[in-house]
Number of protein chains: 2
Amino acid sequence: MTDPLDLAFAALSDATRRRILTMLLEDDMAVTDVAEPFEMSLAAISKHLAILTRAGLISQEKRGRVKWCKLEPDALRAASVWMQGFGQFEPINLDAFERFLESELSEDRLP
Amino acid sequence: MTDPLDLAFAALSDATRRRILTMLLEDDMAVTDVAEPFEMSLAAISKHLAILTRAGLISQEKRGRVKWCKLEPDALRAASVWMQGFGQFEPINLDAFERFLESELSEDRLP
DNA sequence: GGTATCGTCAACCGTTTGGTTGAATATGGC
DNA sequence: GCCATATTCAACCAAACGGTTGACGATACC
């Protein structure tokens, strides 16, 4: 699977990774801090970050001993552009986005 | 994986399935006709169509002995809306879409 | 130098994916 | 009834996924 669009969509198909992306929307974060809210091992999060990096959705830069993760919206834009051709979507429906984002977050958070 | 967004993005992560969607953009098609341009078995295409159906991206209706496949843009819209929050994408960049669609198609077609 | 912290690597495990083939199940035409 | 067409089912396979654990390599701190 080497097609960039394959990689982007596959990376987006996991709720953990989507949640990581929404976290990075706020600010750049270190790997340990990304992992903190999740109920899984640091190694698992490290793998998720590698998948997001390979898909170009984030970049990682090591400064000292911490590795900083940064959102890279270009790959997401490519995927978004691909989808624009279907269904004449409303340009930006922020209300609907807000609703989806909330349902995503509430689903993923611990009960 | 039962989250609708998981299903939609996973379904989109395969070039064969994306190509099927672009074909259905033109018109509804029977399973056999969907399968015709691909170099894989009918059963494989049938599975791809099942994945697209489960994701809600298409619907299938049997009339007589042929099963018609129809694009269902709502699930795609949900995925698109999710992505709108990242990077303040241009509302609709049709040039870029055109380029991506072409590169997709040229990649997928037989040489 | 010694120790704690940050992050990845390697090996393993069970499940899912994307494909194959061959048989089976409609339905339609004559 | 008989044959062809349309589609799926079932069993199989190799590879990828998502997670675990434990060891390991860097870097920072004192």
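Naming convention: chains lettered A, B, ... in sequence-line order (proteins, then strands); numbering from 1 in each chain. The structure presented is a predicted model; accordingly, all values stated were derived computationally and were not measured.
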So if I take every side-chain heavy atom of A:Met40 and compare against D:dT20, D:dA6, C:dG19, which nucleotide ends up nearest?
D:dT20

Taking A:Arg17 for the side chain and A:His48 for the main chain, is one N or O donor matched with an acceptor at less than 3.5 Å?
no

Consider only side-chain heavy atoms of I, L, V, M, F, W and Y, link residues closer than 4.5 Å, and tell whether A:Trp68 and A:Leu25 are in one cluster.
no

A:Ile58 versus A:Ile20: any side-chain heavy-atom pair under 4.5 Å?
no

Any side-chain heavy atom of B:Gln60 sitting closer than 4.5 Å to one from B:Val31?
yes

Membership question, hydrophobic clusters at under 4.5 Å side-chain separation (ILVMFWY): are A:Leu24 and A:Ile51 in the same one?
no

Inspect the contact between A:Asp27 and A:Lys70 and indicate whether a charged nitrogen and a carboxylate oxygen are less than 4.0 angstrom apart.
no

Interface residues of residues 44-51 of chain B with DNA chain C (non-hydrogen, below 4.0 angstrom)
B:Ala44, B:Lys47, B:His48, B:Ile51

Listed pairs, N/O of protein and of nucleotides 22-24 of chain C, under 3.5 Å:
none

On the nucleotide C:dG19, are OP1 or OP2 found under 4.0 Å from the side-chain N or O atoms that B:Ser41 carries?
no

Determine, using the 4.5 Å side-chain heavy-atom cutoff (strictly less than), whether A:Met40 and A:Leu49 are members of one ILVMFWY cluster.
yes

Under-3.5 Å N/O pairs linking protein and nucleotides 25-30 of chain D:
from	atom 1	to	atom 2	distance (Å)
D:dT27	O3'	A:Arg65	N	3.4

Test A:Phe9 against B:Arg18 for side chain to side chain contact (heavy atoms under 4.5 Å, CB included), laying out the working first.
CA-CA 11 Å; A:Phe9 282 125; B:Arg18 288 198 304 278; 3.9 Å; yes

